Amino acid sequence: MKLMWFHLMPYTELPEDFREENPGIWVDINSRLFDPERAHHMYNDFMDELEFSATCGFDAICVNEHHSNGYGLMPSPNLIASTLARRTSDTMICIMGNSLALYNPPTRVAEEMAMIDCISGGRLIAGFPVGTPMDTCYAYGQNPSMLRDRYYEAHDLVKRAWTEREVFSFNGRYNQLRYVNIWPHPVQKPHPPIWIPGGGSVETWQWCAEMDYVYCYLSYFGYKIGLNTMRGFWNEMDRLGKEPNPYRAGFLQFVGVAETREEAMRLYKEPAEYFYGRCLHIDPRYAQPPGYTTEATIRARVEGQVATAAKKATARGKTATQIEDIIDQGYIIIGSPDEVAEQLRHAATEMNVGHLMMLCQFGNMSKQLAAYNTRMFAEKVMPQVSDMFDDKWEDHWWPTPMPAAERAVPNPTLDGSLAEAAE
Amino acid sequence: MSAFEETSLSINGADFRVWTAGSGPKLGVLAGFGGLLQWSPFLAKLAETRTVIAPSLPGFPGGGGRAHVDLDDALDWLLLVREILNGSGLTDEDLVGISLGAALAGDVTAVWPHKTKRLVLVSPLGICIDGNPMADPWGVTPQDLPALLCANPQALEAHQKMPEGGDDLEWEVSQIRANEAAARLLWPTGDTGLGKRIGRIFCDTLIVWGTEDKVVPPAYHPIYKKGPKGAVSERLIEGAGHQVDFDQPEQLANAINEFLG
């Protein structure tokens, strides 16, 4: 089992009446609520938390991309990932990911991710989401009727840019480049592992199977609801004759660990209610631009993640915003280390997921509480979970860094002396 | 309502529905935002005095399935719409376009001036004033869209109601597809480039607006009025929103008939 530490980077100081006074957290969120000087502290706290989690033994640290979004302050996860590449040494760095259709030209993604793979010595996981409607179609103005085609074409271009060593031309429908020849190339060969965060689209599952990519279901609603999606994924893998290797899949889960369940309830009530009450206040107007969802998916009556969240947001009370309901419905796994471990083992087994992405910081959780949650998880839950699957399955989708002894040591001490230069 | 005939036009392997009704001089009609799911009172009224020819636009109901996904830019759209008009017998006739259909009617007239005799643009789209774009039809929930498009949303909702015996999933898909086709042409600001070409409209032109249009701000009225080089007249129709054809079908048909004589 791979245990990964995921940060959404939510703005932690949304007002108490945010839900009542604002149409939503995304696209047209009131920019006057954003205080850059407070964000200075938030960003630095968040990066401290990511770096701390790396020291606690998580297998990877994860960042992702959102735009015009109050619960995701990373328009460029690559900026954060580049600092993590310097400030960590052994943990894998998972960019989950870059919405390929937004980049013009998409070789920018190939370049930046190659840089991070080089800086980190080959520790990068490259996530390629289509991106949510809010991020792609509304905040970035992409035509929903063209988005998926653009995404697939950008994917092809990035992959070729990573793997071909001769200069080539690319004459796509949306991208025309006379000279493709990126410098640098990634350390990992043929390229960093590619993971695809997605909703419940059958076409995405089939594509992941065809390309041999990891499929990740980044759910805000926990494993109880995620189970249906993951069953659909594994049924499709079975139909396509793919072995049920749990490392084909990833799943995101909120967790809150303390010495006792009562203590956990006391500690995590406020950040949980902040996240589900304020951060997940998603305006349904921006959830389903026409063409974003394929007709095949519409016919299959499958609903995406943010569409689900938006739909829940329309009818008061449907999204659980009180801690008891949040836990009852399985959005967050909360409790003592043994309780959390038991539920996680159950969830991972039922969903057959070998990559669990843990959200140990959520909502307005403080840096100190996030660190406590992270440490408790690492010390008392991780040992009870990390052995899963490894006796039977190999993770073919994990980064292959340079040997540790050959990797650069960050932050060397330099004194600037001539003697040092002469060494 | 008057009887109409449905024929099919095959272009590049896609079948486009063409509705024809009435008698008298030909009048082409390019429908508005969601296309036409069913024959409409507006077409019926026009067909009392004219031979109404209403071909479906790419991606809209009857519009060649997913033909819109082959169209990447204005040239692609205009060439296909021209072919559809040609195949429908609309090669030198009067032409009415509504909303999105007006954006295309205006543009094909600008590009092939000799193929439109007289032009009627009803609540036209296709031009964007920086900082004052058309209302975002994809910035409301589908449930709220009829109220954005019509002063009397019930008229549009009645049109969107599936006839008995229909396939509800396919009915829903056809509306989502039409919405996608509209987005493909207009996303994100409604600018199709018509503003660059409107000065190539040389024929007599009538511009019609609903007084309660919530999609196109009044600031656009002088742009469409002054844009064409031919003689332009303007009519405002009381009690009509953006889709004047659903809100006030008789008044709109009468205004068109008065203009065309």
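Quick caveat, the model's predicted, so the values are computed rather than measured.
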Checklist entry - What part of B:Q143 gets closer than 4.5 Å to chain A, counting heavy atoms only: side chain, backbone, both or neither? => result neither
Checklist entry - Do B:W187 and A:P289 have side chains that get closer than 4.5 Å, going by heavy atoms? => result yes
Checklist entry - Quick check: are there more than 12 heavy atoms from other residues, nucleotides or ligands sitting under 6.0 Å from CG of B:D130? => result no
Item to check | Interatomic distance, A:E295 atom CD to B:E180 atom CD [nearest 0.5 angstrom] | outcome: 6.5 Å
Item to check | Shortest non-hydrogen contact from A:R285 toward B:G139 | outcome: CD-O, 3.1 Å
Checklist entry - Of all heavy-atom pairs between A:P290 and B:I176, which one has the smallest distance, and what is that distance? => result CB-O, 4.0 Å
Item to check | Sidechain-backbone polar pair: A:Y138 side chain, B:W138 backbone, donor-acceptor under 3.5 Å | outcome: yes
Next on the checklist: With a 4.5 angstrom heavy-atom cut-off, is it the side chain or the backbone of B:L145 that approaches chain A, or both, or neither?
Outcome noted: neither
Checklist entry - What part of B:D144 gets closer than 4.5 Å to chain A, counting heavy atoms only: side chain, backbone, both or neither? => result neither
Item to check | Closest approach of B:P188 to A:G141 (non-hydrogen atoms, all atoms of both residues) | outcome: CG-O, 4.1 Å
Checklist entry - For atom CZ of A:R108, is the number of surrounding heavy atoms from other residues, nucleotides or ligands below 6.0 Å larger than 12? => result no
Item to check | Nearest heavy atoms of A:M146 and B:D72, plus distance in Å | outcome: CE-O, 3.7 Å
Checklist outcome for this item: Closest non-hydrogen contact found for B:V173 with A:I298 is CG2-CG2, 4.1 Å
Checklist entry - If you round to the nearest 0.5 Å, how far is CZ of A:R173 from CG of B:D70? => result 6.0 Å
